[in-house]
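This report concerns only the one structure given below.
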Amino acid sequence: QGEKVFSGAGEEVKVWNESASRGGGTIYRGLNEWGDGIYVTDSPNYAKTYGAKITESTVKPNLKLFDVRDSATISEIQKTKIIGAFKEQYGKSLKSGFTQDITKALKEADSPKDFFDILQNEIGTYTTDVLKKSGFDGIIADESKMNGGNIVGGKVYNIFDPKNIQTKSQ
């Protein structure tokens, strides 16, 4: 059994898939904080800050998630694997010096959040492609925001593949 999660939008999502509408709160493309994917949270109250219609879903268990929460750490093995995927995917299309600068910055990153930010700043939404190529199924983060004078937040997931999340009605 996976973790129960929620998504808020203008309409309830019946099935997560590649063609699901943005208005349905589903797959976001573009410069979102954690890249392309399906954004859900463990907090129904936080989900409501994105839309009144709440979709309850379950994230498959045992997904490999890139953890960018404050308490997270990044191993040298993870760094090496992700840097390798970055170089393989973009090393030939980017100038050699640019690739070396990014690689050096990534090696010096102290936390997964710093690591992610460096990639996001340099290659934008393609960061999720690099993480996918490195074997990750998504990202997990802590987020919060003001809503009606109160701080609301929770764990936020960006799930890359719709097959790894199912709505309650599926």
Do you reckon [X] sits in the same ILVMFWY cluster as [Y], going by side-chain contacts under 4.5 Å, direct or chained?
{"X": "Phe116", "Y": "Ile118", "result": "yes"}
{"X": "Tyr50", "Y": "Phe6", "result": "no"}
{"X": "Tyr39", "Y": "Val152", "result": "yes"}

How far does [atom1] of [X] sit from [atom2] of [Y], to the nearest 0.5 angstrom?
{"X": "Asn164", "Y": "Leu63", "atom1": "CG", "atom2": "CG", "value": "4.5 Å"}
{"X": "Ile74", "Y": "Asp110", "atom1": "CD1", "atom2": "CG", "value": "10.5 Å"}
{"X": "Tyr46", "Y": "Lys155", "atom1": "OH", "atom2": "NZ", "value": "14.5 Å"}
{"X": "Lys81", "Y": "Ser75", "atom1": "NZ", "atom2": "OG", "value": "10.0 Å"}

Partners passing side chain to side chain donor-acceptor pair (under 3.5 Å) against Asp142 (at least two apart in sequence or in another chain):
none
How would you list, by chain and number, every residue that makes a side chain to side chain donor-acceptor pair (under 3.5 Å) with Thr49, sequence neighbours excluded?
Lys145
[X] to [Y] - nearest heavy-atom pair and separation:
{"X": "Lys79", "Y": "Glu108", "value": "NZ-C, 4.4 Å"}
{"X": "Lys87", "Y": "Thr103", "value": "CE-OG1, 3.5 Å"}
{"X": "Gln78", "Y": "Thr73", "value": "OE1-O, 4.0 Å"}
{"X": "Ala72", "Y": "Pro112", "value": "O-CD, 3.6 Å"}
{"X": "Pro162", "Y": "Trp16", "value": "CB-O, 3.6 Å"}
{"X": "Glu12", "Y": "Lys53", "value": "N-CB, 3.7 Å"}

Main chain of [Y], side chain of [X]: is a donor-acceptor contact present, judged purely on distance under 3.5 Å?
{"X": "Ser57", "Y": "Val5", "answer": "no"}
{"X": "Lys60", "Y": "Lys163", "answer": "yes"}
{"X": "Ser134", "Y": "Phe136", "answer": "no"}
{"X": "Thr41", "Y": "Gly154", "answer": "no"}

Starting from the C-alpha separation in whole Å, work towards a yes-or-no answer on salt bridge (charged side-chain N to carboxylate O under 4.0 Å, His left out) for Asp117 and Lys113.
CA-CA 6 Å; Asp117 287 346; Lys113 175 77 169 88; 2.9 Å; yes
Please check if atom NZ in Lys168 has more than 12 non-hydrogen atoms from other residues, nucleotides or ligands closer than 6.0 Å.
no
Please verify the inter-ring angle class for Phe66 with Phe115; under 30° counts as parallel, over 60° as perpendicular, anything in between as tilted.
tilted
Report the residue from Ile140, Asp42, Ile165 that forms a side chain to side chain contact (heavy atoms under 4.5 Å, CB included) with Val59.
Ile165
Among Ile159, Ile139, Leu131, Asn158, find the one that has a side chain to side chain contact (heavy atoms under 4.5 Å, CB included) with Leu65.
Ile159
Given the rule in the side-chain contact (heavy atoms from CB on, under 4.5 Å) test, do Leu106 and Leu119 qualify, once you have shown the distances and angles that lead to the verdict?
CA-CA 8 Å; Leu106 291 172; Leu119 275 176; 3.9 Å; yes
With the side chain counted from C-beta on, respond yes when Val130 and Ile82 share a heavy-atom pair under 4.5 Å apart, and no when they do not.
yes
Listed once per pair and sorted, the salt bridge (charged side-chain N to carboxylate O under 4.0 Å, His left out) pairs that draw on residues 65-74, sequence neighbours left out:
Asp67-Arg69
